[in-house]
Amino acid sequence: MSVFRSTIPDVAADEPMVQLLAADGTRSPHPEFDAVLAGSGLATPERLRGYYRDMVMIRAADLEATSLQRQGQLGLWASALGQEAAQIGAGHASREQDYLVPTYREHGVAWARGIEPWRLLELFRGISHGGWDPNALRTHPYMIVLGSQAPHAVGYAMGLQRDGVVGTGDPTTDASVLALFGDGASSEGEVAESFTFAASFQAPVVFYTQNNQWAISVPTSVQSRVPLAQRSRGWGIPSVRVDGNDVLAVLGAVRSALDSARAGNGPMFVEALTYRMAAHTTSDDASRYRPAAEEEEWAAKDPILRLRRHLEQQGEIDEQYVTRCDEEAHDLAMQLHHHIHGMEDPDPVRMFDHPYAEPHPIVDAERAEYLEYISQFEDEEERA
Amino acid sequence: MSVFRSTIPDVAADEPMVQLLAADGTRSPHPEFDAVLAGSGLATPERLRGYYRDMVMIRAADLEATSLQRQGQLGLWASALGQEAAQIGAGHASREQDYLVPTYREHGVAWARGIEPWRLLELFRGISHGGWDPNALRTHPYMIVLGSQAPHAVGYAMGLQRDGVVGTGDPTTDASVLALFGDGASSEGEVAESFTFAASFQAPVVFYTQNNQWAISVPTSVQSRVPLAQRSRGWGIPSVRVDGNDVLAVLGAVRSALDSARAGNGPMFVEALTYRMAAHTTSDDASRYRPAAEEEEWAAKDPILRLRRHLEQQGEIDEQYVTRCDEEAHDLAMQLHHHIHGMEDPDPVRMFDHPYAEPHPIVDAERAEYLEYISQFEDEEERA
Amino acid sequence: MSSTASNLPIAKAITAGLRDAMTADDKVLLMGEDIGPLGGVFRVTDGLHAEFGSQRVVDTPLAEAGIVGTAVGLAVRGYRPVVEIQFDGFVYPAYNQITTQVAKMHNRTSGAVNLPIVIRIPHGGGIGAVEHHSESPEALFAPTAGLRILAPSNSQDAYWMTRQAIECEDPVIMLEPKRRYWVKGDVDPDHRPELTPWQARVVRPGTDATLLAWGPSMPLALESAQAAAEDGIDLEVIDARSLSPVDFPTIAASVRRTGRLLITHEAPVLGGLGGEIAARISEQCFYHLEAPVLRVGGYHLPYPPARMEHAYLPDLDRVLDGVDRLFEH
Amino acid sequence: MSSTASNLPIAKAITAGLRDAMTADDKVLLMGEDIGPLGGVFRVTDGLHAEFGSQRVVDTPLAEAGIVGTAVGLAVRGYRPVVEIQFDGFVYPAYNQITTQVAKMHNRTSGAVNLPIVIRIPHGGGIGAVEHHSESPEALFAPTAGLRILAPSNSQDAYWMTRQAIECEDPVIMLEPKRRYWVKGDVDPDHRPELTPWQARVVRPGTDATLLAWGPSMPLALESAQAAAEDGIDLEVIDARSLSPVDFPTIAASVRRTGRLLITHEAPVLGGLGGEIAARISEQCFYHLEAPVLRVGGYHLPYPPARMEHAYLPDLDRVLDGVDRLFEH
Ligand SMILES: Cc1ncc(C[n+]2csc(CCOP(=O)(O)OP(=O)(O)O)c2C)c(N)n1
Ligand SMILES: Cc1ncc(C[n+]2csc(CCOP(=O)(O)OP(=O)(O)O)c2C)c(N)n1
Ligand SMILES: [Mg+2]
Ligand SMILES: [Mg+2]
């Protein structure tokens with residue numbers, strides 16, 4: 001083999017994928033992640049039932065959001081259907097003190113971080129560009145310019161280093177950052193630059209890609225000829241590919257990577273192989289670019305069903321629990337429905353509220369101008 | 001070892017470096033590259049003497065340029081001292097039909113492509129931003145915004161694919177592209193995006209980094225914790241590190257990579273480990289950031305001396321040849337000196353010549369305005 | 001050639017322009033995100049992948065600098081790449097390539113290399129979108145020499161500007177009026193229009209004041225003129241069409257006749273292209289202006305969430321208010 | 001605190017401002033290329049790495065988007081990063097981060113997050129440099145809401161604007177007049193100036209016309225006023241100081257007195273910031289203007305090679321020619 005060829009894997013597409021739960025719910029052992037799960041208490045039957053409930057809830061919210069969009073209540077909705085394990089798992093794998101940096105499709109992550117779904121819906125309704133306090137919830141706003149959030153994650157992690165909360169040996173106070181981006185976004189130069197900064201400064205950040213096979217209509221193969229998990233290795237950043245529809249594999253990989261990062265061992269990268277079951281957004285028509293057979297194939301790998309089967313096999317879940325989850329999910333959907341339908345449009349003058357943190361004469365003048373202009377109509381209305 | 005750690009080399013800094021010529025000129029065999037060199041006729045004694053002459057010539061031009069800058073004849077000069085083997089080797093490894101995409105320090109590459117040194121000096125004098133026809137000389141202009149040239153190289157290579165001059169099996173007509181960038185520039189996102197495009201489209205492009213250890217004052221370790229040669233492997237792009245002060249290793253690696261690319265096997269990456277012997281530019285003061293001992297250590301690895309020693313050991317060079325090279329180099333320096341000193345400043349109206357390829361009313365109007373404005377002074381001068 | 005006059009939405013007129021350009025010159029190729037089998041998120045390249053194949057209709061990796069940067073290399077090699085940027089708000093990762101490379105390569109090579117690249121950007125707001133999907137970045141490109149910018153407002157211009165931008169030896173940014181993509185209009189692909197793409201068009205002659213707009217704002221401008229006419233004010237409406245270079249002579253000639261100028265665009269007034277136009281016209285028509293040049297546009301704010309955008313965007317009332325202010329002087 | 005009034009070159013005044021800010025607040029840190037042991041290519045951070053160590057004076061990888069993007073993350077975490085962009089022409093790789101992230105994060109989080117980031121950019125030409133080292137990109141940033149832009153022209157402003165930019169809760173771009181870095185001036189670090197950084201300063205009162213400039217053009221403006229005075233024309237010279245927001249009230253007040261305005265800047269006139277100022281002043285001072293607002297600046301060209309730049313840059317003759325034209329009307 002040539003001196004060049006010997007430097008890359010022989011068959012690059014052969015990247016092992018860690019799986020703890022098969023599609024039918026069967027559990028396989030994985031000494032390393034089993035230890036992580038056991039040590040962290042993240043995989044007790046109670047927690048697992050909790051994840052099941054979380055996934056059911058967030059899926060219901062997601063479906064409701066789609067229908068609210070159809071009703072004209074939202075401008076757009078980006079469904080995360082099929083990615084629930086990858087998101088709920090990653091969200092719960094992070095510790096309270098960690099900072100999460102999502103994209104725009106991280107509804108399960110948001111849920112796990114305690115961000116109420118209606119806050120997400122607000123965004124897609126067009127009420128605000130971001131409704132929560134990132135520092136209070138330790139979760140960055142939803143980010144739309146692909147890849148742009150990755151350097152923010154690294155910078156935040158550099159801040160953690162300077163705050164002395166990395167590598168002290170106490171994982172309950174040491175912190176790290178989870179940087180999320182999609183398979184498509186992985187091609188953005190800013191993601192690569194983030195790898196560079198993270199590696200050079202050994203920042204406590206874990207890069208996490210939900211490879212859901214598609215970037216709108218473009219398959220992952222256009223972004224990378226080799227499994228994405230391999231990308232970061234060019235920077236010496238260790239990485240692993242896990243089954244993203246297997247909440248246990250996600251929990252094990254992400255928790256172990258975050259804990260390694262918080263311990264001061266530098267960045268890591270996790271690729272979670274999953275599938276975007278719905279179209280890209282409510283504006284998209286997936287039938288134009290992918291075969292129904294593919295969607296069916298992945299329907300069989302449904303992450304929620306998989307966890308339920310596993311719990312059933314273990315005798316850790318009963319019909320009653322499942323029913324209660326469904327009922328709660330239905331209630332959540334109804335709440336969302338009413339919340340959104342009951343929403344009044346914001347007074348547009350609010351657009352002048354936050355362009356700057358400090359007073360700005362142009363903004364002040366334009367706000368005044370706007371109010372004066374608007375008042376004409378109010379006067380007219382009053383006169384009428 | 002953890003499932004993560006096992007994915008990167010154990011000691012990442014252990015990257016083998018291909019060397020055919022030791023610092024003392026001793027030749028080691030390298031079956032693969034020896035075959036390439038033999039097959040290509042690139043390493044005949046005559047060619048080797050030619051490279052020696054090239055290196056001596058370009059070093060003389062380089063030193064003269066520095067002194068011209070000190071004399072106020074150039075605004076700036078970026079010396080390539082120490083990188084002659086890495087540049088002359090890469091330039092000659094390319095075939096006539098290949099397209100080379102340099103940075104701003106590629107004087108040896110330019111020389112090998114037949115670009116006269118005074119054309120480079122013009123640029124640093126401030127006469128033009130680029131003086132040659134890239135298509136005629138199959139060499140892109142000198143590029144200053146770091147990394148920005150890398151996607152151009154890939155795009156050009158995509159053009160070659162569409163022109164049907166890739167993978168036909170005839171290496172004398174099939175073409176490829178050599179994309180050059182420094183160790184510092186390797187951190188730019190645009191370089192990473194170029195890897196992505198090149199890999200996805202299997203474009204016939206070879207990325208080539210002269211890792212001269214420094215990006216101005218910043219050591220390569222800030223750009224990458226692991227040897228740069230490893231970077232591209234994250235994309236499945238095969239790569240190799242060679243001794244950049246060893247013209248034979250450079251010739252072997254670059255020719256073999258270019259030929260692989262032109263044959264349709266996709267991109268490759270070569271890291272040539274070398275040293276920037278001079279300061280970053282004439283504006284820089286290297287003593288502020290690097291120890292003299294390091295400079296001395298590398299002086300001992302001088303690429304020109306090394307080739308001469310090798311040729312001497314082989315009995316392929318004599319005192320007379322060496323002297324003639326020195327004389328020719330001196331003549332070249334004198335020519336440059338006179339050429340530059342004799343240069344008149346261009347008429348500034350020329351700045352209006354090429355902003356657009358097609359007529360542009362604003363430019364026309366401003367040119368006319370400028371000429372009218374200038375004519376006042378001419379009138380005054382005439383009257384005076 | 002499409003070869004028959006027809007009634008087409010703006011989006012489809014661009015499709016036809018692309019198709020005809022690709023048929024006429026096999027160096028023309030399309031690059032971008034989702035422009036292949038999907039036909040682009042606005043379906044502007046619909047059908048072209050099937051027709052011309054993946055060497056000429058290229059679904060690229062998701063990296064805007066890479067897209068524009070590889071287009072530069074293709075152009076150096078003799079191709080005429082037409083790049084689609086998916087939304088206005090996603091052009092910024094390519095800003096370095098556009099500003100330091102696309103714009104400057106011809107000059108850098110002392111004229112040896114032409115870069116006939118077209119960068120298509122669906123632009124403007126009013127579509128109820130989330131953040132970054134409603135930007136009007138014309139003023140962020142117009143100052144850079146080496147670029148040309150076209151902003152078609154109707155199907156005929158959309159078709160022909162597409163053709164002419166591709167034929168142009170200079171790089172051209174095409175700002176496509178995304179919220180008007182589905183507005184229909186006549187296209188005559190057989191007869192090259194008399195007006196060059198770099199000329200403004202007087203769309204509605206008038207005597208009392210000039211109203212200048214472009215791209216997505218043209219329907220509003222015409223609507224305003226109609227409403228003003230009902231109030232007895234006869235507006236001359238001009239479609240700027242080319243934003244770089246701006247056709248100042250046509251605008252100035254109009255203002256010399258009418259004595260008044262109102263400019264409306266969706267971009268923020270502060271730092272918007274209207275400022276440069278107002279400055280030049282104020283200079284060139286100093287003695288003709290009976291009122292200051294006024295502008296109606298967006299505010300100095302990030303583009304607001306969808307449920308507020310109606311208050312941000314110029315509308316009939318705001319334009320008429322501007323017209324009134326023209327006559328207060 | 002440096003704590004004693006002294007005479008410092010502009011570069012050193014910035015160094016002092018950085019040092020004092022870092023001493024006053026340990027959340028302040030510096031990031032950039034070559035700012036560590038080398039002290040920056042202009043030596044503005046000279047000595048700070050030795051003084052504050054590599055956690056607070058960070059030599060970063062060579063990637064501008066990464067530098068600005070990580071600064072965003074640090075700011076979210078509570079730090080106050082001061083970023084150095086090595087030259088004006090190298091800010092564009094960070095343009096996406098600046099335009100879509102730095103400028104918009106406060107708004108995006110409905111005010112929850114402040115981004116007190118300072119982006120220092122040595123700007124302007126006249127230093128005999130190669131391509132990309134002499135740009136004046138103010139008009140490419142000023143339209144973007146969320147950003148503030150300061151352009152100090154002397155040592156006192158350089159010191160205090162550095163301090164105040166760092167203290168500001170909004171992101172601030174500092175355009176540093178690179179060809180004046182070594183011009184000395186008095187700095188009083190003990191007394192906070194009365195003028196806020198956002199206010200323009202009347203540097204030379206005058207009655208016949210107003211001359212507005214900023215940053216590297218101020219010495220030229222003052223020289224021009226002196227030369228004009230010899231010709232009997234009394235110019236009022238204003239240093240704009242803040243380019244976003246521009247202090248329109250101060251400029252308008254002056255123009256209402258003088259009736260004439262000339263703006264000079266190095267950036268191309270077409271699409272330059274002078275256009276917005278001319279447009280507003282033409283509107284606000286319509287009845288006071290005795291001549292159109294005129295501008296003297298660069299041409300609509302890529303910044304030319306060094307041996308031609310003298311003809312590209314405004315100089316005394318061109319400014320005086322502009323002044324003459326003000327009185328031709
Ligand atoms: C810089 C940028 N370019 C383009 C887009 C438009 N866009 C939105 S989502 C998307 C695909 C993203 O794919 P991926 O990263 O895999 O995430 P997924 O949607 O699959 O979750 C594209 C192209 C964008 N938001 N930002
Ligand atoms: C985008 C960009 N950022 C910064 C610079 C300023 N700069 C010029 S050369 C240089 C260092 C480059 O180092 P490297 O890539 O290793 O090349 P070398 O100079 O060693 O040949 C820097 C930072 C630039 N030219 N372009
Ligand atoms: Mg995806
Ligand atoms: Mg280097």
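Proteins come first, then strands; the chains are lettered A, B, ... in the order of their sequence lines, and each starts at number 1.
Heavy-atom distances place no part of A71(D) under 4.5 Å from chain A, backbone and side chain included. For a residue to count as touching a neighbouring chain, one of its non-hydrogen atoms must lie under 4.5 Å from one of that chain's; by this rule K27(D) touches chain A with the side chain only. Only the backbone of S54(D) comes within less than 4.5 Å of a heavy atom of chain A; no side-chain atom from C-beta onward does. Within the 4.5 angstrom heavy-atom criterion, no atom of T99(D) approaches chain A. Using a 4.5 Å cut-off between heavy atoms, D133(A) contacts chain D through both its backbone and its side chain.
Taking OG of S244(D) as the reference point, atom OH of Y356(A) lies at 4.0 Å (rounded to 0.5 Å). If you take CH2 on W132(A) and OG1 on T109(D), they are separated by 11.0 Å, rounding to the nearest 0.5 Å.
The candidate with the highest count of non-hydrogen atom pairs below 4.5 Å against chain D, out of V363(A), T196(A), L160(A), D163(A), is D163(A). In terms of heavy-atom pairs under 4.5 Å with chain A, the best-connected choice from L115(D), V113(D), V76(D) is V76(D). Per-residue heavy-atom pair counts under 4.5 Å with chain A were compared for E169(D), H106(D), Q55(D), R56(D), and the maximum is reached by H106(D). The choice from P61(D), A103(D), C168(D) that makes the most heavy-atom pairs within less than 4.5 Å of chain A is P61(D). Interface check for chain A: of the options N114(D), D26(D), L147(D), the most heavy-atom pairs under 4.5 Å are formed by L147(D). Your options are I67(D), V68(D), V246(D), and the one with the most heavy-atom pairs under 4.5 Å with chain A is I67(D). Most heavy-atom pairs under 4.5 Å with chain A: of the set V72(D), D247(D), D170(D), this distinction falls to D170(D).
Contacts from residues 178-191 of chain A to chain D, taken as heavy-atom pairs separated by less than 4.5 Å, involve E190(A) in sequence order. Listed in order of number, the residues of residues 136-158 of chain A that approach chain D to under 4.5 Å between heavy atoms are H140(A), P141(A), Y142(A), M143(A), V145(A), S148(A), P151(A), H152(A), V154(A), G155(A), Y156(A), M158(A).
Take D345(A) and apply the side chain to side chain contact (heavy atoms under 4.5 Å, CB included) test, not counting sequence neighbours, and it matches R125(A), R307(C).
Heavy-atom minimum distance, F197(A) versus T60(D): CE2-CB, 3.8 Å. For V58(D) against F201(A), the heavy-atom pair with the smallest separation is CG1-CZ, 3.5 Å. Here the shortest heavy-atom pairing between N107(D) and H129(A) reads ND2-CD2, 3.8 Å. The minimum heavy-atom distance between I362(A) and P245(D), with the atom names listed, is CG1-CB, 3.9 Å. Nearest heavy atoms, G66(D) versus E193(A): N-OE1, 2.6 Å.
Side-chain contact check for R162(A) versus L29(D): some heavy-atom pair is nearer than 4.5 Å.
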Exercise answer: donor-acceptor pairs, residues 262-269 of chain A side-chain atoms, under 3.5 Å, sequence neighbours excluded:
residue: R262(A); atom: NE; partner: D259(A); partner atom: OD1; Å: 2.7
residue: R262(A); atom: NH1; partner: D98(A); partner atom: OD1; Å: 2.7
residue: R262(A); atom: NH1; partner: D174(A); partner atom: O; Å: 2.8
residue: R262(A); atom: NH2; partner: D98(A); partner atom: OD1; Å: 3.4
residue: R262(A); atom: NH2; partner: D98(A); partner atom: OD2; Å: 2.8
residue: R262(A); atom: NH2; partner: D259(A); partner atom: OD1; Å: 3.2
residue: N265(A); atom: ND2; partner: S260(A); partner atom: O; Å: 3.3

